[in-house]
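To start, the structure under review is shown below, and the notes come after it.
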Amino acid sequence: MGLPSRPVAGSRRGGVLILGGTAEARALAAELVPSGMRVVSSLAGRVTRPRLPVGEVREGGFGGPDGLARWIAAEGVERLVDATHPFAERMSASAAEAAALAGVPLLVLRRPGWHEGPDDRWRRVPSLRAAAEELDREFPGGRVFLTTGRRSLPVFAGLTSMWFLARSVDPPEPPVPANTHVVLDRGPYTVEGERALIGGHRLDVLVTKDSGGAMTSAKLVAARETGLPVIMVDRPPPPAGVRLVESAGEAAAWVQAG
Ligand code: NAP
């Protein structure tokens, strides 16, 4: 079933389109809606029960950059904010291309990544595939805390000697590694809760993406406190030449200045 569109789509034109699916996108909508400006948030429609922003909401892909450019033109959208997750690489590329096609200004809102502290034991890797190779090399037979998202499990499916605690919002898509225990949960998480998972399941290593933000950072604190090694997947770079900010407040100022 589709998400409700509030108010009925088509009753207003213009305003800002926020490509969302993140806490920052919801915070931006919440900052802009009180001004009376038309604010449309777009969600991919992948999560069963998404957290909804205030303002109008639409759901589902646009059909690539051409489709997004057509949607922008049809709705008279004046500004585009790409506030998708730092790992939503295809949508960000599509937004940059569509903004150029439609001739609307684009801003990328991307929260900062995480940084390693002196007591952390991180290894940075460039991709999920590289994370799987690192596990295979350094942790054979190990017990792995995997928090890279439900659609990433096929990358680890060949690691049959390991045991995985895989946490995701919705059930993972097959194929999954042979020895996988799934925990369905969504942030924010607490350090106490993460410590209990690490100790309770006798985990040897955490694999995570450098998503950044406070909602899911408790696992890194717990890993530091318990001496757990972390394999950290680097984020893809943003599209070349885009204007970039790191907070909803900065993005709201940019939208309102237009
Ligand atoms: P992706 O691989 O970059 O995007 C794949 C396709 O999904 C896009 O080409 C687009 O389809 C559609 N899409 C993605 N985001 C959309 C949006 N906000 N509104 C409308 N269509 C969207 O994206 P992903 O990594 O699957 O992420 C999907 C959504 O989940 C994003 O909105 C992202 O903010 C959120 N999210 C992602 C992660 C993550 O780790 N990747 C984590 C938390 C939340 P068309 O080409 O047909 O337009």
Side-chain angles (χ1 to χ4, degrees), residues 2-3 5 9 16-29 39-53 55-75 77 80-102 106-111 113-114 125 127-129 131 146-156 166-173 184-189 207-217 219 232-239 242 246 248 251:
L3 292 174
S5 203
V16 60
L17 173 62
I18 302 171
L19 302 171
T22 58
E24 291 71 26
R26 290 190 294 277
L28 176 59
V39 178
V40 184
S41 294
S42 174
L43 304 178
R46 299 265 170 73
V47 177
T48 329
R49 283 177 290 106
R51 291 193 173 103
L52 293 177
E56 290 182 46
V57 178
R58 66 157 305 282
E59 181 194 17
F62 295 93
D66 294 344
L68 176 53
R70 277 196 299 276
W71 199 93
I72 288 170
E75 294 285 326
V77 166
L80 178 61
V81 179
D82 168 13
T84 56
H85 190 271
F87 282 82
E89 202 172 357
R90 265 177 54 206
M91 190 69 243
S92 288
S94 183
E97 205 179 323
L101 284 171
L106 166 70
L107 183 75
V108 176
L109 164 55
R110 186 169 291 196
R111 60 187 177 229
W114 290 315
V125 293
S127 64
L128 287 168
R129 173 83 40 211
L146 191 61
T147 66
T148 47
R150 69 188 174 110
R151 286 185 301 134
S152 70
L153 266 76
V155 176
F156 301 90
R167 183 170 63 196
S168 54
V169 177
D170 282 325
E173 291 172 9
L184 297 181
D185 203 355
R186 83 193 323 169
Y189 302 105
V207 182
T208 182
K209 298 191 291 196
D210 185 5
S211 300
M215 288 234 302
T216 59
S217 60
K219 63 191 166 195
M232 180 70 70
V233 180
D234 281 335
R235 353 168 117 189
V242 293
E246 293 189 337

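Counting begins at 1 with the first residue of the sequence. First listed ligand is number 1; within each ligand, the first listed atom is number 1.
Looking at atom 24 (P) of ligand 1, its nearest protein heavy atom turns out to be R151 NH2, 3.3 Å. At the shortest separation from atom 37 (C) of ligand 1 among protein heavy atoms lies H85 CB, 3.4 Å. Considering only non-hydrogen protein atoms, atom 2 (O) of ligand 1 sits nearest to R90 CB, 4.0 Å. Residue, atom and distance of the protein heavy atom nearest to atom 13 (N) of ligand 1 are M91 SD, 3.4 Å. Protein heavy atom at the shortest distance from atom 28 (C) of ligand 1 is R46 NH1, 3.6 Å. The protein heavy atom nearest to atom 48 (O) of ligand 1 is F62 N, 2.7 Å.
Contact check for I18 versus S42: no side-chain heavy atoms found under the 4.5 Å cut-off. Considering only heavy atoms from C-beta on, L184 comes within 4.5 Å of S168 through its side chain. With a 4.5 Å cut-off on side-chain heavy atoms, L153 and E173 do not count as touching. P238 is listed as a side-chain neighbour of R110, based on a closest heavy-atom distance under 4.5 Å. Inter-residue side-chain proximity for V242 and L106 is flagged as met; some heavy-atom pair is nearer than 4.5 Å.
Every side-chain contact (heavy atoms from CB on, under 4.5 Å) that P236 has, sequence neighbours left out, goes to F87, E89. Not counting sequence neighbours, the partners of T147 by the side-chain hydrogen bond (donor to acceptor under 3.5 Å, both in side chains) test are T208, K219.
Residues P50 and V47 share a closest heavy-atom pair of CD-O, 3.5 Å.
Residue contacts with ligand 1: L19 is placed with no nitrogen or oxygen under 3.5 Å of a nitrogen or oxygen of the ligand (distance criterion only).
Against a heavy-atom cut-off of under 4.0 Å, K209 is close to the following atoms of ligand 1: 39 (C), 40 (O), 41 (N). Shown in contact with G64 at under 4.0 Å from a heavy atom are these atoms of ligand 1, numbered in order with element: 45 (P), 46 (O), 47 (O), 48 (O). Those atoms of ligand 1 with a heavy atom of G63 less than 4.0 angstrom away are 45 (P), 47 (O), 48 (O). Close contacts of ligand 1 with E89, meaning ligand atoms under 4.0 Å from a residue heavy atom, involve 3 (O). Residue-ligand proximity, S42 to ligand 1, at heavy-atom distances under 4.0 Å covers atoms 17 (C), 18 (N), 19 (N), 20 (C).
If you check each of A88, A44, G61 against atom 23 (O) of ligand 1, the one with the closest non-hydrogen atom is A88. In the candidate list G21, G60, S211, G21 is nearest to atom 44 (C) of ligand 1, counting heavy atoms.
Under the 4.0 angstrom criterion for non-hydrogen atoms, G20 is in contact with ligand 1. Residue E59 places every heavy atom at 4.0 Å or more from ligand 1. Residue L68 places every heavy atom at 4.0 Å or more from ligand 1. Not a single heavy atom of G67 sits less than 4.0 Å from an atom of ligand 1.
A cation-pi arrangement is absent between R129 and F156 under the rule of less than 6.0 angstrom and at most 45 degrees off the ring axis. A cation-pi arrangement is present between R58 and W71 under the rule of less than 6.0 angstrom and at most 45 degrees off the ring axis.
One finds a salt bridge joining E24 and R111 here, because a Lys/Arg side-chain nitrogen approaches an Asp/Glu carboxylate oxygen to under 4.0 Å.
With a 4.0 Å cut-off on non-hydrogen atoms, V47 does not touch ligand 1 at all.
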